[in-house]
Amino acid sequence: GLINALGFAKKHHARILQASTSEVYGDPLEHPQKESYRGNVNTIGPRACYDEGKRVSVTLMFDYHRKWGMEIKVARIFNTYGPRMAKNDGRVVSNFIVQALDNQPITIYGKGGQTRSFCFASDLVEGLVKFMNSPNEFTGPVNLGNPGEFTIKELAEKIIDLSESKSKFIYEALPDDDPRQRKPDITLAMSKLNWQPQIKLEDGLKKTIRYFQEQLSKE
Ligand code: UDP
């Protein structure tokens with residue numbers, strides 16, 4: 001897919017953006033993660049197919065850039081959430097909100113001490129648009145995400161609170177290679193794109209909860 005897209009962009013002299021991911025940092029040994037960090041991915045683990053696939057895609061982007069002078073933009077997208085997420089794709093924000101609204105147990109994997117930093121979708125989109133409109137020389141990779149860091153347990157508590165849910169926690173097995181901590185260093189995006197997220201987790205969660213309430217009431 002990426003090679004087709006690169007070929008198409010080359011033919012039409014188009015600028016091309018890759019939605020890369022904080023997963024390229026694996027279970028990071030550097031915190032917060034800067035773009036210069038090369039990551040800690042387990043090549044043979046269950047997440048490797050996604051992580052290594054994303055890593056080799058960045059390699060191809062930069063090879064095309066070097067060989068053909070293509071205008072590339074590589075964004076490292078950290079955890080993002082908001083209205084119109086699929087309710088059953090297994091990600092933490094949608095899982096917890098759907099469980100909370102149903103007063104079902106909130107499924108915390110492991111002890112819930114692992115951290116993530118959640119960016120509201122509209123903030124991310126604004127960052128991507130600014131990146132696409134930035135000068136040619138700025139190829140990235142550039143981190144796009146919200147540096148506000150929370151444990152998964154804290155996220156669960158906030159969602160229960162904001163949705164006035166009666167849900168309790170249940171603890172399930174932690175998936176292999178689940179990153180223990182994740183938080184973007186966005187110094188580069190702030191200086192090159194004059195961008196930083198505006199929407200606080202609590203406000204973004206309120207909008208997302210409202211969305212899922214509407215969805216569930218239609219069913
Ligand atoms: N998680 C959880 N319960 C769930 C879904 C996810 O505790 O029902 C945890 C998961 O183990 C991980 C974090 O929440 O530590 C974020 O998971 P997600 O799949 O949303 O994103 P990623 O791990 O790719 O950052």
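Order of appearance sets the numbers: ligands from 1, and atoms from 1 within every ligand. Numbering starts at 1 and runs along the sequence shown. Basis for what follows: all heavy atoms, side chains included, without hydrogens, waters or symmetry-related copies.
Short contacts between ligand 1 and Asn79, defined as distances under 4.0 Å to a heavy atom of the residue, involve ligand atoms 21 (O), 22 (P), 25 (O). Atom numbering of ligand 1 starts at 1 in the shown order; those under 4.0 Å from a heavy atom of Gly90 are 5 (C). With ligand atoms numbered from 1 in the order given, ligand 1 contributes 24 (O) to contacts under 4.0 Å with heavy atoms of Glu23. Close approach to Asn95 involves these atoms of ligand 1, each under 4.0 Å from a residue heavy atom: 4 (C), 5 (C), 8 (O). Against a heavy-atom cut-off of under 4.0 Å, Ile108 is close to the following atoms of ligand 1: 7 (O). Below 4.0 Å from some heavy atom of Gln114 lie the following atoms of ligand 1, by number and element: 9 (C), 11 (O), 15 (O).
The protein heavy-atom contact nearest to atom 13 (C) of ligand 1 is Ile152 CD1, 3.6 Å. When hydrogens are left out, the protein atom nearest atom 17 (O) of ligand 1 is Val92 CB, 4.0 Å; that is the closest non-hydrogen contact. With respect to atom 24 (O) of ligand 1, the closest heavy atom belonging to the protein is Arg47 NH2, 3.2 Å. Tyr109 N, 2.8 Å is the protein heavy atom nearest to atom 7 (O) of ligand 1. The protein heavy-atom contact nearest to atom 10 (C) of ligand 1 is Asp178 OD2, 3.4 Å. Among all protein heavy atoms, the one lying closest to atom 3 (N) of ligand 1 is Thr107 O, 2.6 Å.
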Passes salt bridge (charged side-chain N to carboxylate O under 4.0 Å, His left out), Asp161 versus Lys158? Steps please. CA-CA 5 Å; Asp161 209 32; Lys158 266 188 200 300; over 6 Å; no

Applying ring pair (Phe, Tyr, Trp, His ring centres under 6.0 Å) to Phe138 and Phe131, what does each step give before you reach the verdict? CA-CA 8 Å; Phe138 187 50; Phe131 187 28; 5.4 Å; yes

Begin with the C-alpha distance, continue with both residues' side-chain angles, and end with the deciding distance and a verdict on ring pair (Phe, Tyr, Trp, His ring centres under 6.0 Å) for Phe120 and Tyr81. CA-CA 5 Å; Phe120 192 66; Tyr81 71 100; 5.5 Å; yes

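Of the heavy atoms in Met85, none comes closer than 4.0 Å to ligand 1.
Here the CG-CD1 distance, from Asn95 to Ile159, works out to 9.5 Å after rounding to the nearest 0.5 Å. Between the CG atom of Leu144 and the CD1 atom of Ile77 there is a distance of 6.5 Å, given to the nearest 0.5 Å.
Between Thr187 and Asp185, the shortest heavy-atom distance links the atoms OG1-OD1, 2.5 Å.
Contacts classified as salt bridge (charged side-chain N to carboxylate O under 4.0 Å, His left out) and involving residues 124-145 (residues at least two apart or in different chains) are given here: Glu126-Lys130. Pairs passing the salt bridge (charged side-chain N to carboxylate O under 4.0 Å, His left out) check and including a residue from residues 142-152, sequence neighbours excluded, do not occur.
Within the structure, ligand 1 lacks Gly110 among the residues with a heavy atom less than 4.0 angstrom away. Heavy-atom separations between Glu172 and ligand 1 are all 4.0 Å or longer. At least one heavy atom of Arg182 lies less than 4.0 angstrom from ligand 1.
When only interatomic distances are considered, the shortest N/O to N/O separation between Arg91 and ligand 1 does not fall below 3.5 Å.
Glu23 and Arg47 are joined by a salt bridge, as a carboxylate oxygen and a charged side-chain nitrogen come within less than 4.0 angstrom of each other. Taking the charged nitrogens against the carboxylate oxygens, Glu219 and Lys87 do have a contact shorter than 4.0 Å, which makes a salt bridge. Ion pairing between a basic and an acidic side chain is recognised when a charged N comes within 4.0 Å of a carboxylate O; Asp178 and Arg116 show such pairing.
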